[in-house]
Amino acid sequence: MLTARALVVLVLLSCSAPQLLPAQRSERSIYLHGGIGAAFTRVDCDICTGDRKLGITFSLGAGSRLSQKLALGLEAGGWNKGETDVTNFLGTLLAVAYWYPASNRTPYFLKAGIGAASYKVDDRVAEGEEDADPIRSKMFAAQLGIGYRFRVPGDFSLNPYVTLLGTMKADLEQGNTRITSASLTLIQLGLNVGWR
Amino acid sequence: MRRQHSTRFRYASLLAVLPSLAVIGCDSTSTVSPENALGPSRAYDIWQPGADDTCTPEIHNSYSVVGPDGLLYPTWHPPVDPASGCSFGHEHGRDPSGSDLYGEVGAIPFGYANEVLDSFDPTVPRHEDHVGHKIEWENDVEMRFGDDVAASLFTVRCDVLTKLHQGSHSKDAFTNNLHELAYHIRCTDGTELHVTVIAAIGTPGEFVSSCDRDRHIVVGSAVPANSPEGGGKRAIPDRACVEEHILVSEGEESNLSSGLRESWEISQSIRTESGRRLASFNPYFQVLFPSRYYDPAQPDGVGRTIDLCYEVEANGDRARAERCDESTTDGTILDMVYSDPRSLFNGVQRFVDINSNTVTNEDGPSTWYTDPFGKNATLEPFAGSIRQFIAAINNDRGIRISGPALGRDRDYGGPGVHSPN
């Protein structure tokens with residue numbers, strides 16, 4: 001609830017505050033951001049359901065602005081979906097680049113990242129029930145996204161974004177079971193709060 | 001399904017028929033019209049109407065199909081002929097024409113594998129009666145996974161069409177473990193089988209008690225005498241099951257599903273000459289309320305279920321079941337025999353547990369020729385071989401995938417249907 005209130009305050013501030021763009025600050029600086037959102041995730045393989053599952057996401061990132069148009073950083077993200085019998089989790093660690101291609105009047109940005117993804121489906125075991133082996137996979141992942149940067153006072157910004165993450169094909173493993181050539185896609189709508 | 005045709009076979013048309021037969025493949029049905037069949041199979045024209053049956057053999061024979069060998073076979077028909085309204089007194093399960101596999105499989109020739117067995121080894125004939133051929137199918141069956149985790153992520157759907165000769169009215173299955181099986185399955189994960197075999201179900205000469213699987217009941221010699229041992233088992237109710245679950249004391253209720261339930265549990269594999277497994281499957285065919293149970297006190301070992309509705313043991317135990325009351329109109333019919341169409345112990349309620357289907361034929365090809373038992377698979381046909389289709393895949397991922405029960409709530413009874421059925 002606290003986070004939600006803070007976001008509302010920041011949004012209201014952003015409507016009245018002058019937009020501060022990368023060009024108005026020193027060119028080299030660090031940045032930090034954290035965000036939440038929602039995402040549909042889908043796993044594909046020859047016997048996968050292919051269902052798109054809607055879960056919550058979160059992310060934390062840090063990096064350096066190399067110029068008024070380019071920033072590089074690292075970003076950790078997660079997606080979680082609880083179901084009746086199982087819990088799905090996807091974690092990502094990506095090297096990301098932000099590009100601010102437009103003029104000061106339209107401060108949108110493009111994002112690209114590559115890195116690793118770890119996917120896990122685990123049993124939600126009731127007491128006395130036998131625990132099934134989790135399904136796990138580790139995959140190479142790539143991400144593309146687009147967002148908009150609303151500047152707010154104090155070197156903060158609010159950044160709504162949409163990203164698409166896809167993985168290379170990899171095995172899903174459960175105990176001795178191996179499902180080959182599985183891949184994963186995640187479409188995310190989120191909002192992060194950035195500093196500097 | 002019904003084929004109107006002359007029973008005068010045109011043997012002279014063999015040369016005209018052969019090209020068609022060459023492309024029949026593993027499909028159960030050829031494109032040859034019945035008029036051009038090479039002749040009747042042993043299974044053809046063996047049904048004769050009983051006292052309660054109003055159809056003629058000619059009407060019955062009109063439900064026929066030419067098998068892969070060019071011979072004419074009986075096939076599925078409804079319990080009542082829709083054209084004439086006459087009744088056959090028996091049923092063959094679910095109309096296969098509704099199966100999504102029917103376009104490929106066609107009408108299933110009853111007794112084809114039995115016929116081929118004659119060619120494979122003339123010294124071991126095994127022919128089965130007509131009424132025991134039972135079809136079951138279901139489209140788009142959702143398969144089950146071994147645990148919640150796998151079930152949340154994976155899905156496999158299958159079309160299944162199967163036929164087993166499962167007579168539940170006579171002494172045949174007390175000793176005989178060889179029964180014709182047609183098994184067709186196609187799944188979304190690439191699993192596909194079109195197999196016809198003589199399935200060896202359990203041990204010849206004996207069966208296991210349905211209420212105590214550890215109790216093997218040796219009855220006598222099987223036909224043929226050299227019937228091979230099979231995997232699985234034939235679980236059939238015996239007198240001990242009846243006394244434990246059916247004949248009960250005042251205030252108790254007979255437990256028909258425990259005391260009167262047959263389960264023929266198949267463990268079938270298709271193997272090459274070297275013994276390499278190409279495919280395996282293990283469907284369980286179950287019959288509720290059969291007309292027979294094993295009673296060693298009877299001359300032929302066949303106890304009649306309907307008789308239990310009248311039996312009272314010395315201690316007062318008797319059958320206390322609605323099905324008895326309905327059959328005998330609350331005991332007012334005193335002389336009902338097992339073949340009476342009013343008896344509800346006629347084996348019309350059946351279901352099939354599909355269980356697992358494993359294909360390990362990744363090197364292909366998909367067409368194999370096996371002996372009638374599904375063994376000695378080779379790439380070329382041989383005398384007494386059956387053409388089988390096995391998808392060129394390996395679906396053995398180490399994950400446990402099994403099928404549910406098909407037809408659990410279906411009742412194939414109809415007007416005039418009675419034991420023997």
Side-chain angles (χ1 to χ4, degrees), chain A residues 40-55 79-90 117-139 167 169-186, chain B residues 100-101 138-160 184-193 277-282 354-364 366 389-404 406:
Chain A
F40 285 103
T41 295
R42 169 177 162 155
V43 181
D44 287 294
C45 67
D46 69 336
I47 61 169
C48 289
T49 62
D51 292 344
R52 288 184 177 84
K53 294 180 179 178
L54 179 62
W79 169 84
N80 183 266
K81 168 68 176 175
E83 298 178 87
T84 307
D85 300 314
V86 298
T87 300
N88 304 261
F89 180 78
L90 174 71
S118 176
Y119 177 63
K120 182 179 178 184
V121 186
D122 211 350
D123 215 351
R124 300 177 86 162
V125 183
E127 195 171 336
E129 286 184 3
E130 191 178 344
D131 193 4
D133 287 336
I135 292 175
R136 299 173 191 271
S137 184
K138 289 184 169 51
M139 304 158 157
T167 70
K169 291 195 169 178
D171 292 349
L172 295 170
E173 295 178 10
Q174 183 188 30
N176 295 324
T177 299
R178 187 178 296 260
I179 307 297
T180 58
S181 296
S183 62
L184 187 148
T185 52
L186 178 146
Chain B
D100 285 348
L101 297 173
E138 194 75 61
N139 296 328
D140 220 18
V141 176
E142 179 90 49
M143 303 297 270
R144 294 172 177 159
F145 291 85
D147 57 70
D148 293 336
V149 174
S152 74
L153 193 59
F154 304 135
T155 184
V156 173
R157 304 185 82 87
C158 300
D159 298 326
V160 183
H184 304 273
I185 185 168
R186 184 176 57 203
C187 303
T188 54
D189 69 341
T191 300
E192 187 166 0
L193 295 169
R277 186 185 68 173
L278 300 172
S280 62
F281 44 96
N282 58 344
I354 291 305
N355 298 324
S356 64
N357 300 272
T358 304
V359 179
T360 48
N361 185 36
E362 61 272 32
D363 296 329
S366 55
F389 180 96
I390 303 166
I393 64 163
N394 185 337
N395 71 357
D396 190 1
R397 305 173 180 87
I399 198 167
R400 193 157 60 86
I401 303 175
S402 63
L406 310 185

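Naming convention: chains lettered A, B, ... in sequence-line order (proteins, then strands); numbering from 1 in each chain. Not measured: the values here are computed from a predicted model.
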Fill in: Interchain contact, A:Val121 with chain B, by part (heavy-atom threshold 4.5 Å)
both
Item to complete: Please check if the side chain of A:Thr177 supplies one atom and the backbone of B:Gly398 the other of a donor-acceptor pair under 3.5 Å.
Response: yes
Discussion item. Tell me if the CZ atom of B:Arg400 is crowded by more than 12 foreign heavy atoms within 6.0 Å.
Written reply: no
Discussion item. Looking at A:Asn176, I'd like to know if its CG atom is crowded, meaning that more than 12 non-hydrogen atoms belonging to other residues, nucleotides or ligands lie closer than 6.0 Å.
Written reply: no
Response to the item:
Ranked by heavy-atom pairs below 4.5 Å to chain A, first place among B:Thr188, B:Asp189, B:Ile399 goes to B:Ile399
Discussion item. Please classify the contact of A:Asp133 with chain B as side chain, backbone, both or neither, using a heavy-atom distance under 4.5 Å.
Written reply: backbone
Worksheet, complete the sentence: Turns out that what part of A:Ile47 lies under 4.5 Å from chain B's heavy atoms comes down to both
Discussion item. For the CG atom of A:Leu172 and the CZ atom of B:Phe154, what is their distance to the nearest 0.5 Å?
Written reply: 5.0 Å
Worksheet item: More than 12 heavy atoms of other residues, nucleotides or ligands under 6.0 Å from CZ of A:Arg178: is that the case?
Response: no
Discussion item. Can you tell me if A:Lys53 has over 12 outside heavy atoms packed within less than 6.0 Å of its NZ?
Written reply: yes
Practice prompt. Heavy atoms only: give me the nearest B:Val149-A:Ala132 pair and the separation to one decimal.
Written response: CG2-CB, 4.0 Å
Discussion item. Ignoring hydrogens, what is the shortest heavy-atom contact between A:Ile179 and B:Arg397? Give both atom names and the distance.
Written reply: CD1-CD, 3.3 Å
Item to complete: Report the distance from atom CG of A:Asp85 to atom CG of B:Asp148, rounding to the nearest 0.5 Å.
Response: 4.0 Å
Practice prompt. Compare all side-chain heavy atoms of B:Asp147 with those of A:Gln174 and state whether any distance is below 4.5 angstrom.
Written response: yes
Practice prompt. Go through A:Lys81 and B:Ser152 one step at a time and tell me if the side-chain contact (heavy atoms from CB on, under 4.5 Å) criterion holds.
Written response: CA-CA 12 Å; A:Lys81 168 68 176 175; B:Ser152 74; over 6 Å; no
